[in-house]
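Some notes on the structure that comes next.
For the single chain, residues carry numbers from 1 onward in sequence order. Owing to the predicted nature of the structure, the values given are computational and were not obtained by experimental measurement.
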Amino acid sequence: MLASLETGFRGVSAGNIFHFSPLPLTNMHGARMSPQHASVPRHQELLFKFIEASVLSFAVLAAALFGASAVASQLGLGPLSRHMIEHMAVLGIATPLCAYALQSIPIVWSGARLVLAAICQIALLWIWHLPPVFSSASDSLLLHAVMGVSLYIAGVLFWSAVFSSTKANRWQSVMALLITGKLFCMFAVILVFSPRLLYDLGAHTHHSQGMGGIEDQQLAGLIMITVCPLTYVATGIVMAARWLLELEENDRHPAETAFDNRC
């Protein structure tokens, strides 16, 4: 009897004891889920992504403002040129990078929302830079902060809509980029070629160690007209080339890409 028990125990190994096939974790739709996704609710996952993207966005914004301020101080720019280089650092560098960081959050951007974001950004830029409005914002710390925050939010929304475009509405993003860039450049041209001083920043010029008057205004326009083609127009050209390549690929494989065009 002892010999029989010894033979039986020899046939039992650790692998036989602990070998089991667990049931796969599934969600409410029956799709398999990894243990990490099963342990974290969907809303908490989105919250973590939003916090991570927000921290990265504010870090990029702070770095852009600090770098622009350092460059302006090093070059001895006037008040309007200093404002413009900080403004371009926010709208031309920080907002595209921040919008790209926010792409981890699934938000559906339709063509109508893209148009609305473009109109909002263009309108805010021109309204805030009307001579009476801009002069008031320069004299008030609160208005200046409101101007910066509103332009930053409008820029992030615009670039988020651009980066979220699908194959079906890629042309809308291209048109929005080109039109926005052209209108920004038009404002820069006005600053460069205006025969008179548009902004009365006498008090700020007095406290500034840099240039002032019409020279400061022309330099601000040159800064803007240099940065705009490097951001809006260049991105529009890249997206247009990508769109044309996608159209060519669709012509080569229409059956395979019919479903992707609807996504």
Side-chain angles (χ1 to χ4, degrees), residues 49-50 52-54 56-57 59-61 63-64 67-68 84-85 87-126 129 150-189 221-263:
K49 289 183 178 180
F50 177 76
E52 180 182 2
S54 299
L56 180 60
S57 301
V60 171
L61 177 61
M84 190 58 66
I85 198 171
H87 179 71
M88 289 294 99
V90 172
L91 289 184
I93 299 176
T95 53
L97 294 177
C98 295
Y100 186 80
L102 292 172
Q103 290 302 295
S104 58
I105 303 175
I107 301 177
V108 179
W109 289 91
S110 61
R113 292 180 179 179
L114 172 62
V115 174
L116 182 61
I119 293 175
C120 180
Q121 182 181 222
I122 294 171
L124 283 175
L125 177 75
W126 281 84
H129 287 87
S150 61
L151 289 174
Y152 173 74
I153 294 176
V156 171
L157 292 177
F158 172 77
W159 284 103
S160 297
V162 169
F163 290 149
S164 300
S165 62
T166 61
K167 293 181 179 180
N169 63 350
R170 192 88 66 196
W171 65 272
Q172 294 178 340
S173 297
V174 174
M175 293 300 297
L177 284 167
L178 295 180
I179 293 175
T180 303
K182 290 297 183 182
L183 291 176
F184 280 18
C185 290
M186 184 184 300
F187 175 72
V189 169
L222 289 175
I223 294 173
M224 188 174 187
I225 205 172
T226 302
V227 176
C228 282
L230 295 177
T231 52
Y232 293 90
V233 178
T235 306
I237 293 174
V238 171
M239 294 195 69
R242 182 181 176 185
W243 177 45
L244 293 176
L245 290 176
E246 290 173 351
L247 293 178
E248 183 179 357
E249 187 68 19
N250 292 346
D251 293 337
R252 292 180 180 177
H253 308 284
E256 297 178 1
T257 57
F259 177 76
D260 295 337
N261 290 335
R262 296 194 299 267
C263 297

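- A distance of 10.0 Å separates CE in M84 from CG in L91, rounded to the nearest 0.5 Å.
- Taking F187 as the reference, W126, H129 meet the ring-ring contact (aromatic ring centres under 6.0 Å, His included) condition, with sequence neighbours excluded.
- What you find for A188 and G221 is that their closest heavy atoms are CB-O, 3.4 Å.
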* Worked check of side chain to side chain contact (heavy atoms under 4.5 Å, CB included) between F184 and L125 -> CA-CA 8 Å; F184 280 18; L125 177 75; 2.9 Å; yes
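- In this structure, the separation between CE on M239 and CG on L244 is 12.0 Å, given to the nearest 0.5 Å.
- Ring geometry, Y232 versus W159: the interplanar angle falls from 30° to 60°, so the pair is classed tilted.
- Sorted by first and then second residue, the salt bridge (Lys or Arg N to Asp or Glu O under 4.0 Å) pairs with a member in residues 153-164 form an empty list; sequence neighbours excluded.
- Partners of T180 according to the side-chain hydrogen bond (donor to acceptor under 3.5 Å, both in side chains) rule, which considers only residues two or more places apart in sequence or in another chain, do not exist here.
- Rounding to the nearest 0.5 Å gives a distance of 11.5 Å between CG of L114 and CG of L157.
- Sorted by first and then second residue, the pairs that involve residues 169-178 and meet salt bridge (Lys or Arg N to Asp or Glu O under 4.0 Å), not counting sequence neighbours, are R170-E246.
- Of all non-hydrogen atoms in C98 and Y152, the two that sit nearest each other are SG-OH, 3.3 Å.
- Take T226 and apply the side-chain hydrogen bond (donor to acceptor under 3.5 Å, both in side chains) test, not counting sequence neighbours, and it matches no residue.
- Between P96 and V90, the shortest heavy-atom distance links the atoms CD-O, 4.5 Å.
- Annotation: the span from T235 atom OG1 to L178 atom CG amounts to 10.0 Å, rounded to 0.5 Å.
- For residues 88-103, no pair satisfies salt bridge (Lys or Arg N to Asp or Glu O under 4.0 Å), with sequence neighbours left out.
- Considering all non-hydrogen atoms of both residues, L124 and A154 come closest at CD1-CB, 3.7 Å.
- The shortest heavy-atom contact between I223 and I85 is CG2-CA, 4.2 Å.
- What you find for A161 and S173 is that their closest heavy atoms are O-OG, 4.3 Å.
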* Asked: After noting the C-alpha distance and the side-chain angles of Y100 and V162, does the key distance pass the side chain to side chain contact (heavy atoms under 4.5 Å, CB included) rule?
  -> CA-CA 10 Å; Y100 186 80; V162 169; over 6 Å; no
